Q: 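Below: one structure in structure tokens.
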Amino acid sequence: MELMNFISVVCDHAAHNALIQLTVIAVIFDTVFGIIRAIGEKKFNSSIGIDGIRRKAGILASLVLFALIDEIIQLNLIGFIPEEVRITLGLEFIGMTGFFTLLFLAYEATSILKNMSLCGLPVKGVWIKVRAVLGKYTDELPAPPEGNDEK
């Protein structure tokens with residue numbers, strides 16, 4: 001298969017992948033809530049913005065890379081997904097793209113909830129539940145936002 005045709009096929013598959021679509025939506029909304037939060041805290045500056053853009057661009061670029069890899073080799077990473085998550089999502093096979101989109105979605109969801117909370121939205125209860133679920137799988141969750149302790 002010619003290289004440009006290969007890239008076109010990969011881009012078409014990626015554009016119709018629900019997990020990639022959800023990740024792109026999460027990146028957009030995390031950015032929006034981050035901007036609203038920065039404006040509200042009067043901390044809107046280019047260095048913070050550039051750092052966030054760099055991180056978001058890295059997420060999106062890595063999804064393209066993983067989609068290319070998935071098209072070349074069919075590596076099943078299902079063993080890295082907790083059984084409870086596999087059952088809930090109905091997964092039997094998950095390639096690199098799917099695996100990393102799940103990680104990126106968890107990361108973006110925590111960031112969105114944190115930013116929503118710091119914008120003054122009433123999401124403390126949701127954050128506590130999400131943190132409890134994610135806490136089963138990682139100890140690297142961000143600290144609760146100031147003024148929003150989980151007691």
Side-chain angles (χ1 to χ4, degrees), residues 4 6-71 75 77-78 80-91 94-151:
M4 292 308 291
F6 173 76
I7 291 172
S8 176
V9 168
V10 171
C11 288
D12 187 55
H13 286 146
H16 294 91
N17 180 311
L19 286 174
I20 290 176
Q21 292 171 353
L22 287 171
T23 303
V24 171
I25 290 167
V27 164
I28 291 167
F29 277 94
D30 185 37
T31 302
V32 168
F33 284 114
I35 290 169
I36 293 169
R37 170 187 167 194
I39 291 170
E41 294 177 350
K42 296 178 180 34
K43 293 182 180 176
F44 196 79
N45 67 54
S46 61
S47 64
I48 292 174
I50 289 170
D51 183 49
I53 290 169
R54 188 183 76 241
R55 198 169 39 254
K56 304 300 183 193
I59 288 172
L60 299 176
S62 64
L63 291 180
V64 172
L65 171 66
F66 297 138
L68 289 167
I69 292 170
D70 280 345
E71 195 65 30
L75 183 63
L77 299 175
I78 196 69
F80 291 100
I81 304 294
E83 188 171 352
E84 181 181 331
V85 175
R86 284 187 235 168
I87 292 168
T88 301
L89 297 177
L91 298 174
I94 190 159
M96 290 184 73
T97 308
F99 180 79
F100 281 95
T101 55
L102 291 175
L103 294 176
F104 293 148
L105 282 168
Y107 172 80
E108 291 297 315
T110 59
S111 183
I112 289 168
L113 282 170
K114 179 183 79 171
N115 284 329
M116 290 173 78
S117 179
L118 292 171
C119 287
L121 298 174
V123 294
K124 180 180 177 183
V126 175
W127 168 244
I128 291 170
K129 289 176 185 172
V130 168
R131 186 174 169 82
V133 170
L134 293 177
K136 294 178 188 176
Y137 308 110
T138 182
D139 59 357
E140 296 182 15
L141 293 170
E146 291 179 26
N148 263 340
D149 60 0
E150 298 177 21
K151 294 179 184 173

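Atom set for the values below is all heavy atoms of this structure, side chains included, hydrogens, waters and symmetry mates excluded. Nothing here was measured: the structure is a model prediction, and the numbers come from that model. Numbers here are sequence positions counted from 1.
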Q: Salt-bridge test for K56 and E108: reply yes if a basic N is under 4.0 Å from a carboxylate O, no otherwise.
A: yes
Q: Measuring from L65:CG to D70:CG, what's the distance to the nearest 0.5 Å?
A: 9.5 Å
Q: Under 4.5 Å between any side-chain heavy atoms of M116 and V126, yes or no?
A: no
Q: If the condition is side-chain contact (heavy atoms from CB on, under 4.5 Å), which residues does F100 pass it with, not counting sequence neighbours?
A: F66, M96, L103, F104
Q: I'd like to check the side-chain contact (heavy atoms from CB on, under 4.5 Å) partners of V85; sequence neighbours left out, ordered by chain and number.
A: I81, P82, L89, Y137
Q: Measure the spacing between CZ of R55 and CG of L60 and express it to the nearest 0.5 Å.
A: 12.5 Å
Q: What's the separation between atom CD1 in I112 and atom CZ in F33, rounded to the nearest 0.5 Å?
A: 7.5 Å
Q: Would you say T101's side chain and T97's backbone share a donor-acceptor pair under 3.5 angstrom?
A: yes
Q: Answer yes or no: is there a side-chain heavy-atom contact under 4.5 Å between L102 and L77?
A: no
Q: Could you work out, with side-chain contact (heavy atoms from CB on, under 4.5 Å) as the rule, every residue matching L105, not counting sequence neighbours?
A: L19, L22, T23, A26
Q: Looking at CD1 of I20 and CD1 of I25, how far apart are the two atoms once the value is rounded to the nearest 0.5 Å?
A: 12.0 Å
Q: Could you give the distance from CG (L121) to CG (N115), rounded to the nearest 0.5 Å?
A: 10.0 Å
Q: Let me confirm one number: the CD1-SG distance from I36 to C119, rounded to the nearest 0.5 Å.
A: 5.5 Å
